[in-house]
Protein chains: 2
Amino acid sequence: MAPQISATQSRTEQGLLANIFLRQDTSAQPHMGSVQNVSQDREIFAEGDHADCFFKIVSGVVRTCKFLADGRRQIDAFYVAGDIFGFEAGEDYQLSAEAVTDCTLIVYRRNKIDALAGSDKIASHELLAFAMRGMARAQAHSLLLGRRSAMEKVAGFLLTWAQASANRKTVSLAMTRQDIGDYLGLTIETVSRTLSQMERENVIDLPTARQIRVRNLEMLEDMAA
Amino acid sequence: MAPQISATQSRTEQGLLANIFLRQDTSAQPHMGSVQNVSQDREIFAEGDHADCFFKIVSGVVRTCKFLADGRRQIDAFYVAGDIFGFEAGEDYQLSAEAVTDCTLIVYRRNKIDALAGSDKIASHELLAFAMRGMARAQAHSLLLGRRSAMEKVAGFLLTWAQASANRKTVSLAMTRQDIGDYLGLTIETVSRTLSQMERENVIDLPTARQIRVRNLEMLEDMAA
DNA sequence: CGGGATTTTGATTCCAATCAAGTCCGGTGG
DNA sequence: CCACCGGACTTGATTGGAATCAAAATCCCG
């Protein structure tokens, strides 16, 4: 199976990085990255596993998360088509990764990276840019979690997805309320109530639970504070 | 606002600094980094400033933070001697940086980095490692903020500093309760109450407000969940 | 010492969690 | 096609933990 990446490739920062690894990858060099399908809710890797691979998403949505002793789950990030995840500083994965939806992934062996980073000027530069943007993403998440109301968190979350969405008016959420709650540090009930309240205030429409139409973007931005 | 640095020294740094950037620097290359002193609570750079410099701490503590419209402040990170901060992916700083204590910093011009990253294998490799560690740090902060009790947050915070501290038994906090609260998403009252409760439970001693002696590390680790 | 900032402690309020029913699909089989 | 099932979601009532409001105690630093 030949990686079908062109459709999502041009997307954002990570597309740049992908160019490095994938520019010669049509099907002639399967060792550069093999394709793997993962079905919904399946684990891709677990916290503590040896991090010998990293992944690029062709299609689908992935979450990375940690599980606490008492069963609580915290989601660190969601990744969509074009994004790279599982790229670790140390030997082992610090987080687990799971498929939010059925996914198609390209798997890369990690050992190639060190070689590339040292030998290829452009590659090393873009690797650095990728890591820096990962840092910025994690920082943005921290800022979304600290001392903010449920309304501000949910509004911020929706804005992120609205911005990523091609059509800014309607956002399709691949994840459940539980996923959103575990990402924002809220319960499913609070997420649901907050969305309902936004609907009552004519900021959004909820045609279905997973479809969100932004009626008043400006008001939504104000809510995110 | 421009970096208001009560500054003076401009000697070359001699080895305290990033081994990568300066490993060949004995005294022959003063252009590599100048030294600056910043006094307590002074701003080092502001969110939105053009990010033409980054910094390495020789001594003192620095916080990076964001200010919300209503005056709330969120601290993203604390940096101590040896740490590098202000290293940005984009053109501008995403956060402000302020001196928690009087600080001595080494200032690097950012444009040198792109050159280094491309031309020097070892430098580019270590730059990448730095960025990846920054990502891991930001992720750890997110995990500390999401759906955790005040007790868990404060315990986690203390553990971080206890681990960094040479003598693990006594932690000297450079920052105020307000700083800790703004880092953990708690009020000063809650931070104070939580520390008091830990003292009542014989987990820590508080000889002074800023000195914390860990009496029962294991219990503290349990509290961090 | 003295005075202001920082920290601690106390009383009350409020937002989100928890507990508890419902409701709404989306799929499946009769 | 439709009735039913089960999971996901919404809504309601109550509780609980941290915020807020308020005041006292302590620590610096001159």
Side-chain angles (χ1 to χ4, degrees), chain A residues 39-41 61 63 68 70-74 100-102 144-158 171-201 204-212 223 225, chain B residues 39-41 68 70-74 100-102 144-158 171-201 204-212 223 225:
Chain A
S39 51
Q40 189 171 354
D41 290 326
V61 178
R63 61 180 173 249
L68 302 179
D70 60 2
R72 278 175 299 176
R73 182 184 65 167
Q74 292 195 212
V100 173
T101 64
D102 290 350
L144 195 58
L145 291 178
R147 214 105 123 65
R148 294 180 109 103
S149 68
M151 188 61 86
E152 290 170 336
K153 288 178 180 180
V154 173
F157 176 81
L158 289 184
V171 184
S172 288
L173 299 178
M175 69 289 292
T176 65
R177 298 288 186 268
Q178 186 68 60
D179 286 329
I180 299 173
D182 289 346
Y183 180 75
L184 295 176
L186 299 170
T187 59
I188 51 175
E189 294 96 330
T190 298
V191 172
S192 181
R193 269 186 253 275
T194 304
L195 289 169
S196 297
Q197 193 187 330
M198 284 179 174
E199 191 174 30
R200 277 196 300 279
E201 292 175 9
I204 58 170
D205 271 340
L206 291 164
T208 75
R210 306 286 186 97
Q211 291 279 95
I212 295 182
M223 282 176 161
Chain B
S39 50
Q40 188 170 356
D41 291 327
L68 302 178
D70 61 0
R72 278 175 299 176
R73 183 184 65 166
Q74 293 195 212
V100 173
T101 64
D102 291 349
L144 196 58
L145 292 177
R147 212 104 124 71
R148 292 181 110 100
S149 68
M151 188 60 85
E152 289 170 336
K153 287 178 179 179
V154 173
F157 176 80
L158 289 183
V171 184
S172 289
L173 299 178
M175 68 291 292
T176 65
R177 298 287 186 267
Q178 185 68 61
D179 286 330
I180 299 172
D182 289 346
Y183 180 74
L184 295 176
L186 299 170
T187 60
I188 52 174
E189 294 96 329
T190 298
V191 173
S192 181
R193 269 186 253 275
T194 304
L195 288 170
S196 297
Q197 193 187 331
M198 284 180 176
E199 192 175 29
R200 276 196 300 280
E201 293 175 9
I204 59 171
D205 271 340
L206 291 164
T208 75
R210 305 286 186 97
Q211 292 277 93
I212 295 181
M223 280 174 161

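In what follows, chains are A, B, ... by sequence order, proteins preceding strands, each numbered from 1.
- For A:S192, there are no side-chain hydrogen bond (donor to acceptor under 3.5 Å, both in side chains) partners two or more places apart in sequence or in a different chain.
- Contacts of A:E201 classified as side-chain hydrogen bond (donor to acceptor under 3.5 Å, both in side chains), with partners at least two apart in sequence or in another chain: A:Q197.
- Put simply, CZ on A:R193 and CZ on A:R200 are 10.0 Å apart, with the number rounded to the nearest 0.5 Å.
- For B:T190, no side-chain nitrogen or oxygen approaches OP1 or OP2 of D:dA18 to under 4.0 Å.
- The side-chain contact (heavy atoms from CB on, under 4.5 Å) search around A:R73 returns A:R63, A:C65, A:F67, A:I75, A:E98, A:Q178, A:D179, A:D182, not counting sequence neighbours.
- Note: CD1 (A:I188) to P (D:dG12) measures 16 Å, nearest angstrom.
- In the helix from C:dC1-D:dG30 to C:dG30-D:dC1, the end axes, each obtained as the rotation axis mapping the C1' atoms of four pairs onto the next four within a five-pair block, lie 40° apart to the nearest 10 degrees.
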Check nucleotides 22-25 of chain D against the protein and report each pair of N or O atoms closer than 3.5 Å, with its distance, or say if there are none.
none

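- Looking at every heavy atom in both residues, B:F157 comes nearest to B:L173 through CE2-CD2, 4.1 Å.
- Put simply, CD1 on A:I212 is 12 Å from C1' on D:dC9, counting in whole angstrom units.
- Shown here for B:T190 and B:T194, the closest heavy-atom pair between the two residues is O-OG1, 2.6 Å.
- With DNA chain C read from its 5' end, the first of the two nearest nucleotides for A:T187 and B:D41 is the one closest to B:D41.
- Between A:L184 and A:L144 the shortest heavy-atom distance is CD2-CD2, 3.6 Å.
- The minimum heavy-atom distance between A:V100 and A:A174, with the atom names listed, is CG1-O, 3.6 Å.
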A:L195 and A:L158: CA distance, side-chain angles, deciding distance, side-chain contact (heavy atoms from CB on, under 4.5 Å) verdict: CA-CA 10 Å; A:L195 289 169; A:L158 289 184; 3.9 Å; yes
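- DNA chain D is contacted by no residue of residues 148-157 of chain A, taking any non-hydrogen atom closer than 4.0 Å.
- Looking at residues two or more places apart in sequence or on another chain, you find a side-chain hydrogen bond (donor to acceptor under 3.5 Å, both in side chains) between B:S172 and B:Q211.
- Across all strands, B:S192 comes closer than 4.0 Å to base atoms (heavy-atom distances).
- One interatomic measurement links the two molecules: CG of A:D205 to C1' of D:dT10, which rounds to 16 Å at whole-angstrom precision.
- Nearer the 5' end of DNA chain D, as judged by each residue's closest nucleotide, is the contact made by B:L186, out of B:P207 and B:L186.
- Here the CG-CD distance, from B:L145 to A:Q74, works out to 9.0 Å after rounding to the nearest 0.5 Å.
- In summary, contact between chain B and DNA chain C, defined as any nucleotide atom under 4.0 Å from a heavy atom of the protein, begins and ends at C:dT6 to C:dT18 in the 5' to 3' direction.
- In terms of heavy atoms, A:A155 sits closest to A:M223 at CB-CB, 3.7 Å.
- Legend: residues meeting side-chain hydrogen bond (donor to acceptor under 3.5 Å, both in side chains) with B:E199, ordered by chain and number and at least two apart, are absent.
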Evaluation steps, side-chain contact (heavy atoms from CB on, under 4.5 Å), between A:T176 and A:R210: CA-CA 8 Å; A:T176 65; A:R210 306 286 186 97; 3.3 Å; yes
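- The stretch residues 174-184 of chain A does not touch DNA chain C, since none of its heavy atoms comes less than 4.0 Å from the strand.
- Applying the salt bridge (Lys or Arg N to Asp or Glu O under 4.0 Å) test to pairs two or more places apart or on separate chains, those with a residue in residues 144-157 of chain B are A:R72-B:E152.
- Qualifying salt bridge (Lys or Arg N to Asp or Glu O under 4.0 Å) partners for B:D205, counting only residues two or more places apart in sequence or in other chains: B:R213, B:R215.
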